[in-house]
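Reviewing the structure listed below.
Side chains are part of it too, since the values below use all heavy atoms of this structure and drop only hydrogens, waters and symmetry mates.
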Protein chains: 2
Amino acid sequence: MSASDKAYEHVKTGILAGDIPPGTFVTEGRLAEEIGVSRTPVREALLRLQAEGMVELFPKKGALVTAPTPRETQEIFEARALIEEWAAAQMWPRRADAIPALRAHLDEMADLMRTGDVSAFSAADRAFHEVIVDAGSNSVISRQYSHLRDRQIVIVAGNLRGDKPRMTASLRQHRELLHLLESGTKSQFVRACREHVDYAVGLAGTR
Amino acid sequence: MSASDKAYEHVKTGILAGDIPPGTFVTEGRLAEEIGVSRTPVREALLRLQAEGMVELFPKKGALVTAPTPRETQEIFEARALIEEWAAAQMWPRRADAIPALRAHLDEMADLMRTGDVSAFSAADRAFHEVIVDAGSNSVISRQYSHLRDRQIVIVAGNLRGDKPRMTASLRQHRELLHLLESGTKSQFVRACREHVDYAVGLAGTR
DNA sequence: TGCGCTCATGTTGCATCCACCATAGATGCA
DNA sequence: TGCATCTATGGTGGATGCAACATGAGCGCA
């Protein structure tokens, strides 16, 4: 792995994990020292992250880690809903081959809820949805979706710290989705996907 | 404008205008000399372009300007259709405020078809659609749409060099869209948007 | 005390330098 | 002649140096 990749991973995972919370100013020099590389690869990493909207670069001042505004949050969820609804429709005629993976992620979520590992739970949630989106077989859309989820994590990392009732509700909804995929109709499944995302909007919006 | 931005603009417009056709290898050194800056900002520009999917960086070898594969082309148009259909639906209840801008772009297209400036025609086409997408008031989606169009230009720049019948057909379709927006129904307009993009898929696919 | 100015410090933006690597063409040997 | 190997060249990846700029602390003056 190149030094540039290392810097990128370091900063990005730091942001996504909440170690570098939104609002903090990071500087190339400090990060470079921290990671053990020179400023050049750090600079490249920050540019990439700026392109992704994770940080905002202020000339001669530094990089500000940004959280999505309430407005952007709404927009992200609307975009998610659009893609997930599309993907749900693509699952018909029924794509039974996706079911094992979905079940695996579901089981994982159930386990993680017990142990209370919120960030891993959220990762499993994401993986579940990515299976559905990827089933649409459109890598352009999959990439856009993945990016939306990255952005969303920053919100969630700040908001949802181990909220059992919400996790329970989420788990129930995912179970329902899988159930509908196995034995429901296309329109039922599409609507459930839509409602699932809309529910998440509410969660992110109310706090 | 910073040297980095200058390099970025230079390379990107070069690719979009077809001056740097897909398949060519560019090197940091040569570009740097050409633009009149050092390799550092050029390198940053290439990294940004790689993130956008415009070039592919091969370690120790150089940067390859890539055209979308037929597969990616299909995917781009599918994503476009998804967004445009959504945006079309967002235009109801009727957003009359978008009409003047749409009409202006339409007139521009008519003029440009006469003068035969294909790339400007294509830019006006894009602007027309961006008005509709932007009317959805979702900057996240607008950005994704804009990116899709950037990618699409690379295809078009290689394919559609001044094809009058196609331009005529395109112009007619845009007129129809505007007409439906003014005095059609929501479902008519949405369907027409969908069909318009599907028509474009055919164009890109058949060559 | 309060205001404006200067300067010290921290940070970026960019140029330059060096080491490593990939590759192609030359070279030597069978 | 044909093949393996060696080497010269061109390219990137990364480190470092330097100038320009933003900012805030400290100081002088009214």
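- Nucleotide D:dG13 holds its P atom 15 Å from the CE atom of A:Met1, rounded to whole Å.
- Between B:Glu34 and B:Arg30, none of the side-chain N atoms (NZ, or NE/NH1/NH2) sits under 4.0 Å from a carboxylate O, so this pair counts as no salt bridge.
- Rounded to an integer number of Å, the gap from A:Phe58 CZ to C:dG13 P is 12 Å.
- Distance CG (A:Leu57) to P (C:dC14): 12 Å, rounded to an integer number of Å.
- C:dA15 atom P lies 14 Å from atom CG of B:Leu31, rounded to whole Å.
- Closest contact between the side chain of A:Arg43 and the listed nucleotides D:dG13, C:dC14, D:dT23 involves C:dC14.
- Spacing between atom CD of A:Glu33 and atom C1' of C:dT11 amounts to 14 Å, rounded to whole angstrom units.
- One interatomic measurement links the two molecules: CD of B:Glu56 to P of D:dT12, which rounds to 15 Å at whole-angstrom precision.
- Contact check, B:Arg39 against C:dT16: no side-chain N or O comes under 4.0 Å of OP1 or OP2.
- Comparing A:Gly36 and B:Leu46, the nucleotide of DNA chain D nearest to each residue sits closer to the 5' end for B:Leu46.
- Comparing C:dT12, C:dC14, C:dC20 by their closest approach to the side chain of B:Lys60 singles out C:dC20.
- A salt bridge does not link B:Asp5 to B:Lys12: none of the charged nitrogens lies less than 4.0 Å from a carboxylate oxygen.
- Surrounding CD of B:Glu52 are more than 12 heavy atoms belonging to other residues, nucleotides or ligands, all under 6.0 Å away.
- Nearest approach of A:Ile83 to A:Tyr145, heavy atoms of both residues: CG2-CD1, 3.9 Å.
- Using a 4.0 Å heavy-atom distance criterion, A:Lys61 is classed as a sugar-phosphate-only contact.
- In this structure, A:Glu28 places its CD atom 16 Å from P of D:dG17, rounding to the nearest Å.
- Within the 4.0 angstrom heavy-atom criterion, base atoms lie near A:Thr40.
- If you measure from atom CG of A:Leu47 to atom C1' of C:dC14, you get 13 Å, rounded to the nearest angstrom.
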Checklist entry - Stepwise, does the salt bridge (charged side-chain N to carboxylate O under 4.0 Å, His left out) test hold for B:Arg151 with B:Glu75? => result CA-CA 11 Å; B:Arg151 256 331 248 166; B:Glu75 292 179 355; over 6 Å; no

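- Looking at the side chain of A:Pro59, the nearest of the listed nucleotides D:dA15, C:dG13, C:dT16 is C:dG13.
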